[in-house]
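Have a look at the structure below, then the notes.
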Amino acid sequence: MANIIGGITTSHIPAIANAMANGLEETPYWKPFFDGYPPVRDWLNEKKPDVIILFYNDHGLEFFIDKKPTFAIGVADEYHNADEGWGIPTIPPVTGESDLSWHIANSLVEDGFDMTICQEMKVDHGLTVPLNLMWPGYNYGHVKVIPVCINCEQHPMPQPKRTYALGQAIGRAVASFDQDLKVAVFGTGGMSHQLDGERAGIINREFDIDCLDKLVSDPEALTKYSNLDLVEIAGAQGVELNMLIAMRGTLIGEVKELHRNYHAPISNTGSGLMLLEHTMPKK
Ligand SMILES: [Fe+2]
């Protein structure tokens, strides 16, 4: 039986990759951000999940704005990164988990989620930055990764209530997989932020912290927001909150917050790191 043992929220901005590649973790600007990660790394090293389901948004490497799946899932045995134009290092290949991926894909379509199913896909910083944050030095080769993309770039985008429902459906799919696997789920992305336009640089700390609180105790409250609400309250790219909401949806049952580090701004974004242990894995 596959079990989801916990969920993690983390930023995935490309500037993190540059900071790590250039050894800037201890500089005054970055230290408050990187200081949050050791407890989460320790938990992962202790629990040793076999599989990571990773929610992120593709920023144009695989899906440019001319073709944008609302939801996409990878079912490959391996995923490659490529030069994204941010000046960040291209990282080693990521190992997939095709059996569980196909099980989830079949289950989701059966459940009414018309996924784009990718037998081949390039993975961008939305996926690679979190992996290298958790296992620095590109030491993530021992975990298998299932990429799940949510459109957060091109309207119309899926609404929070739908991304939460997607997470719940993935949680049910994992629970019905008959191999003994430990699964952790990452919800990645910036919290409040806007990259351009008149409100570029907007950060709403109060809202971000309230979202982190609600991800623990009342995630359904977040599904009441529309994406336009999120744009207004948290900036145009605040819609990346959808990845965090999807992650929380997979944790059917009780969760316990083990760690949190909110820090802002990092490269004009609010960064919310949180570790939730799933205390009632679904049998
Ligand atoms: Fe992003």
Side-chain angles (χ1 to χ4, degrees), residues 7-20 33 52-65 67-74 79 81-91 94 121-134 145 147-160 163 166-167 185-197 199-204 207-208 211-212 215 222 225 227 230-231 233-248 262-274:
I8 292 168
T9 66
T10 176
S11 174
H12 66 208
I13 56 173
I16 298 167
N18 275 323
M20 295 181 82
F33 170 80
I52 305 298
I53 296 173
L54 201 152
F55 291 102
Y56 71 111
N57 59 311
D58 181 282
H59 306 74
L61 182 67
E62 178 65 36
F63 307 118
F64 199 60
I65 52 175
K67 299 183 191 66
K68 189 59 81 173
T70 302
F71 296 127
I73 183 169
Y79 301 96
N81 182 220
D83 184 357
E84 299 176 52
W86 300 100
I88 58 179
T90 300
I91 73 164
V94 174
M121 68 193 290
K122 290 193 184 70
V123 290
D124 80 354
H125 65 270
L127 181 137
T128 61
V129 164
L131 289 180
N132 198 37
L133 266 171
M134 300 307 166
V145 179
V148 182
C149 281
I150 296 175
N151 171 23
C152 293
E153 302 81 39
Q154 177 84 332
H155 293 278
M157 303 169 183
Q159 299 289 342
T163 56
L166 174 73
V185 184
F186 292 3
T188 77
M191 302 198 74
S192 58
H193 66 299
Q194 177 156 333
L195 301 179
D196 49 21
R199 297 198 308 157
I202 183 177
I203 300 277
N204 188 336
F207 176 73
D208 286 348
C211 284
L212 291 172
L215 282 170
L222 299 175
Y225 291 114
N227 284 325
L230 295 180
V231 169
I233 299 167
Q237 280 74 45
V239 292
E240 289 195 2
L241 184 64
N242 273 298
M243 270 87 68
L244 280 57
I245 293 171
M247 177 283 290
R248 182 61 177 88
Y262 179 79
H263 180 63
I266 278 292
S267 188
N268 282 340
T269 70
S271 157
L273 172 68
M274 194 159 63

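Atoms within each ligand, like the ligands themselves, are counted from 1 in listed order. Treat the numbers as computed from the prediction; the structure is a model and nothing was measured.
Coordination check, Cys152 versus the Fe ion (ligand 1): failed, since every N/O/S atom of the residue sits at 2.8 Å or beyond. Taking 2.8 Å as the threshold, His12 counts as a candidate ligand of the Fe ion (ligand 1), since one of its N, O or S atoms lies below it.
Aromatic rings of Phe55 and Phe71 (six-membered ring for Trp) have centroids beyond the 6.0 Å cut-off, not under it.
Between the side chain of Asn227 and the backbone N or O of Pro158 there is at least one donor-acceptor pair closer than 3.5 Å.
The side-chain contact (heavy atoms from CB on, under 4.5 Å) test with Pro14 singles out one residue from Ile88, Val129, Thr128, and that residue is Ile88.
The N, O or S atom of Glu240 with the smallest distance to the Fe ion (ligand 1) is OE2.
Using a 4.5 Å heavy-atom threshold, the side chains of Thr10 and Thr188 count as touching.
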